[in-house]
Novice: 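Take this structure first; my questions come after.
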Amino acid sequence: MIRIFYFSGTGHSRAVADYFADSLKAEIFDIEQDITVNGAESEISVIVFPVYCGNIPKPVKSVLQKINSKYFVLIATYGRISTGNVLWESSKLVKGKVIAAAYVPTGHTYLDEPAEFDSEILKSVLKQIEHPKEVVLKKERKGILPHIFPNLRSRLGVKIRRTNDCIKCTMCEKNCPMQAISDGNTDKKCIRCLRCAKNCPRNALKVSYNPLLKKYLKNRVFQDANQSDIANAQGN
Ligand SMILES: Cc1cc2nc3c(=O)[nH]c(=O)nc-3n(C[C@H](O)[C@H](O)[C@H](O)COP(=O)(O)O)c2cc1C
């Protein structure tokens with residue numbers, strides 16, 4: 001049985017996960033809300049999640065080791081800035097054989113870009129799923145930035161503020177993967193995934209960015225991963 005697991009703040013990774021679910025006619029699960037399903041062993045688990053500050057997002061990291069599966073497919077979406085080394089890192093965490101992996105460039109969470117991606121990149125992954133064979137991923141050079149207080153940097157760069165439109169419906173609390181928001185106010189566990197703002201039915205959470213981050217995003221130098229992991233995964 002093939003299962004798709006995803007973590008998604010603003011829908012980009014969810015769109016990729018939906019693509020796999022449709023293509024493979026597989027069941028799809030939110031990685032932390034449906035954790036109970038992980039007790040049941042899958043033949044193949046496809047795990048889709050975003051790159052956060054060159055790292056694996058905290059809610060994903062804590063769950064990767066808990067998923068029982070014979071084979072794993074690892075897919076990391078990213079906002080075309082940097083990928084860190086998250087595919088290799090996640091391949092070390094899962095308890096099973098990795099049979100394919102890919103970075104998928106998408107819009108950036110903080111630029112409010114649509115959840116679109118080029119599915120061409122994933123065609124070879126679908127083929128690898130048809131004939132499962134273990135692959136070894138290459139360890140990429142990660143750079144220094146991902147190591148420097150990634151969560152603190154996000155918190156300083158992005159502010160989430162409750163406005164008067166808030167009716168305390170608690171949708172933000174229910175959707176927060178970190179249990180970091182209460183009455184529309186975030187605490188220091190917040191990872192700035194923006195799932196709260198995205199799921200607020202009244203649009204009552206205002207997100208603002210500090211000028212340095214705005215400038216960094218505006219001048220973003222597109223970095224499309226060279227997909228060497230896919231190449232590796234095919235044994236090239
Ligand atoms: C906290 C945070 C950190 C991010 N860090 C990176 C990064 O290091 N490199 C990058 O290219 N994109 C980065 N992004 C953008 C996301 O990886 C990208 O937009 C992703 O597709 C979002 O997926 P989602 O909508 O499923 O959450 C970051 C986004 C957030 C919210």
Side-chain angles (χ1 to χ4, degrees), residues 4-21 28-33 46-61 63 74-90 102-119 121-122 140-160 175-178 180-181 186 188-200 205 207-210 212-214 216-227 229:
I4 318 297
F5 294 94
Y6 71 92
F7 170 76
S8 185
T10 50
H12 296 87
S13 309
R14 171 73 204 237
V16 174
D18 281 340
Y19 170 83
F20 276 105
I28 183 165
F29 301 95
D30 185 318
I31 206 167
E32 20 96 47
Q33 284 178 4
V46 180
I47 307 182
V48 188
F49 60 88
V51 173
Y52 278 0
C53 300
N55 292 295
I56 305 169
K58 233 177 183 171
V60 178
K61 206 168 183 174
V63 163
L74 303 169
I75 306 292
T77 70
Y78 72 107
R80 301 179 76 184
I81 293 178
S82 59
T83 54
N85 194 22
V86 305
L87 289 179
W88 182 83
E89 286 167 1
S90 38
Y103 289 111
V104 179
T106 64
H108 197 291
T109 311
Y110 297 154
L111 292 171
D112 205 17
E113 292 170 326
E116 288 164 0
F117 66 96
D118 180 3
S119 59
I121 291 171
L122 300 176
E140 303 285 343
R141 195 184 289 266
K142 183 162 159 157
I144 187 81
L145 209 56
H147 299 286
I148 306 175
F149 305 113
N151 285 350
L152 181 65
R153 278 192 289 122
S154 301
R155 281 211 307 281
L156 293 175
V158 184
K159 297 279 172 237
I160 302 170
N175 277 287
C176 177
M178 298 299 294
I181 189 164
T186 57
K188 65 177 193 310
K189 295 197 292 302
C190 174
I191 55 170
R192 300 295 192 264
C193 68
L194 302 194
R195 200 145 109 175
C196 52
K198 182 97 185 164
N199 283 284
C200 175
L205 292 170
V207 181
S208 54
Y209 303 98
N210 90 19
L212 266 180
L213 178 62
K214 261 194 200 159
Y216 178 67
L217 290 170
K218 194 167 158 235
N219 298 333
R220 149 173 83 155
V221 181
F222 283 122
Q223 192 216 291
D224 283 341
N226 58 17
Q227 297 301 322
D229 286 287

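Each ligand, and each atom within it, is numbered from 1 in the order the structure gives. Everything numeric here is computed off the predicted structure, so don't read it as measured data.
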Novice: Does a sphere of radius 6.0 Å around CG in Asp112 hold more than 12 heavy atoms from other residues, nucleotides or ligands, not counting ones at 6.0 Å or beyond?
Specialist: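 Check fails, neighbour count at 12 or below.
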
Novice: Give the minimum heavy-atom separation between Ile160 and Cys196, together with the two atoms involved.
Specialist: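 Residues Ile160 and Cys196, closest heavy atoms: CD1-SG, 4.1 Å.
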
Novice: Hey, is CD1 on Ile148 packed in by over 12 heavy atoms from elsewhere, all under 6.0 Å?
Specialist: yes

Novice: Quick one, list the residues around ligand 1 where some non-hydrogen atom comes in under 4.0 Å, by chain and residue number.
Specialist: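 Heavy-atom contacts below 4.0 Å: Ser8, Gly9, Thr10, Gly11, His12, Ser13, Pro50, Val51, Tyr52, Cys53, Gly54, Thr77, Tyr78, Gly79, Arg80, Ile81, Ser82, Thr106, Gly107, His108, Thr109, Tyr110, Ser154, Ile191, Arg192.
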
Novice: With sequence neighbours excluded, tell me which residues meet ring-ring contact (aromatic ring centres under 6.0 Å, His included) with Tyr110.
Specialist: His108, Tyr209

Novice: Does one side chain, of Ser13 or Thr77, offer a donor that lies under 3.5 Å from an acceptor on the other?
Specialist: yes

Novice: Tell me whether Lys159 at atom NZ has more than 12 heavy atoms from other residues, nucleotides or ligands lying less than 6.0 Å away.
Specialist: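 Result for NZ/Lys159: enclosed.
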
